[in-house]
Amino acid sequence: MLGLLTFIIIFGILVVVHEFGHLYFAKKSGILVREFAIGMGPKLFSHRDKEGTLYTIRSLPLGGYVRMAGWGEDKTEIKIGTPVTLTLNAQGLVKRINLSKTKLDPTSLPMNVTAYDLEDQLMIKGLILDQEQTYAVAHFATIIEEDGTEVRIAPKDVQYQNASLPGRMMTNFAGPMNNFILGVIVFTILAFVQGGALDYKTNQVRVVDKGAAAQAGIQSNDRILSVGKYQISNWHDLTSAVDKATKGLSANESLPVRIDHAGKQKEVLVKPQKVSGHYALGVLVPLRTSLKDKLWGGVQMSVDGALVIIRALKNLVTGFSLNKLGGPVAIYQMSNQAAKNGIESVLSLMALLSINLGIFNLIPIPALDGGKILMNIIEAIRRKPLKQETETYITLAGVAIMLVLMVAVTWNDIMRAFF
């Protein structure tokens, strides 16, 4: 249960922070944000701000989304012949179009729609008592959708396509940018929680209680000089040396480890312990504990994490394999393990996943933010936008690719986890 709760919290925070970036810069660019949702599924709570953005909390606590006018597939369609009700303001303009059968207004006019334009002409036409009538629609009118969600209509002047090119580029980049910022913040919090920033540049170590190194007499702040025949000068050398030295290691076999303890060198025998299929000496990365180190450490850990992710993406391109990818099932497993290991592991996982989400979304695939930014760049080079139909087809192709990839990755995760 704790693992599931951890997964929901981590996944929810990452997505909401990402979408808030799009929300904030869309509004700054003059784009109407019709809805900002936390969670998915049926609506539990809603609030509309003075700009017409509907903020909702939905019943399934999995991520969230932002609906920008004219962005992607965000369109309001009314089928010809659909029965609706219209609410008029004092000037006789339509201020609300109701498609829902649950939210009824006794003062509204019933109509069967025969034509409408809620983007340019702002009008709706239909039959009222067998007579066709046309009504002008107010610029700030709302529409109650079939599921009961009431959002603003989206005239063209407040749509995504009408914003400036720099505004659209910043709106697209803001989601990944927020994930990078969150990663730095969480890593900085982690540095304070664990008492300092991780120092990968030294061969000094912290010793895990009752671990293999502790049982061999190694103490915290000792320096490991060599493992077997491999020399050690930093943490990367140590992990690489342990990996090489333990290949083919038999049960109960020990490794010679040379250490520096308080300026004196000595060699001890360490019997590595197998953890999750890998041998471990039972040591941790040392900490730099000054205030400056803690603050800078958050940035440094973020950069280190980003470089690891970029290298993994490079390896994925040169040698694609589904086993190198992980979907929601894999994230749940990692969340569950992190919850068992404590708050430090949870914070580390959240920071890494946030940076990973930011980098992944910058890949220039049409369905991702990177694909939208690429189309913005193409528009800047051509000095004119792509046709909206062309952009829609490209985006749909990207969505199809991402859906197929997500299904394949999730199925692969399930097979690895349960079979």
Q: List the steps, then state whether side chain to side chain contact (heavy atoms under 4.5 Å, CB included) holds for Val16 with Ile13.
A: CA-CA 5 Å; Val16 169; Ile13 290 175; over 6 Å; no

Q.
Evaluate Glu379 against Lys384 for side chain to side chain contact (heavy atoms under 4.5 Å, CB included), listing each step before the verdict.
A. CA-CA 5 Å; Glu379 178 181 339; Lys384 63 179 181 179; 5.9 Å; no

Q: Could you give me the CA-CA distance, side-chain angles and deciding distance for Leu349 and Leu352, then say whether side chain to side chain contact (heavy atoms under 4.5 Å, CB included) is met?
A: CA-CA 5 Å; Leu349 177 63; Leu352 282 173; 5.6 Å; no

Q: Take Val94 and Leu122 through the side chain to side chain contact (heavy atoms under 4.5 Å, CB included) test and state the conclusion after the steps.
A: CA-CA 9 Å; Val94 176; Leu122 298 186; over 6 Å; no

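Within the 4.5 Å cutoff, no side-chain heavy atoms of Phe187 are placed close to those of Val184. Using a 4.5 Å cut-off on side-chain heavy atoms (C-beta onward), Leu347 and Val193 make contact. Arg168 is not listed as a side-chain neighbour of Lys372, based on a closest heavy-atom distance of 4.5 Å or more. With a 4.5 Å cut-off on side-chain heavy atoms, Glu150 and Glu145 do not count as touching. Side-chain contact between Met111 and Val84 is present, with at least one heavy-atom pair separated by less than 4.5 Å. With contacts defined as side-chain heavy-atom distances shorter than 4.5 Å, the pair Lys271/Gln215 does not qualify.
Donor-acceptor pairing under 3.5 Å is lacking for the side chains of His18 and Asn178. Judged purely by distance below 3.5 Å, without hydrogens or angles, the side chains of Thr202 and Arg223 pair a donor atom with an acceptor atom. Between His22 and Asn172, the side chains place no donor N or O within less than 3.5 Å of an acceptor N or O (distance only, hydrogens not considered). For the residue pair Arg58 and Ser46, no side-chain donor N or O sits within less than 3.5 Å of a side-chain acceptor on the partner. Side-chain contact check for Tyr55 and Glu35: no donor-acceptor pair (N or O, by modelled atom type) lies under 3.5 Å. There is no side-chain donor-acceptor pair under 3.5 Å between Tyr200 and Asn234. No side-chain donor-acceptor contact under 3.5 Å links Ser59 and Lys43.
With a 6.0 Å radius and a threshold of 12 heavy atoms from other residues, nucleotides or ligands, Glu267 has its CD atom above the threshold. For CD of Glu146, the number of neighbouring non-hydrogen atoms (other residues, nucleotides, ligands) closer than 6.0 Å is 12 at most.
Using a 4.0 Å cut-off between charged nitrogen and carboxylate oxygen, Lys201 and Asp237 do not count as a salt-bridge pair.
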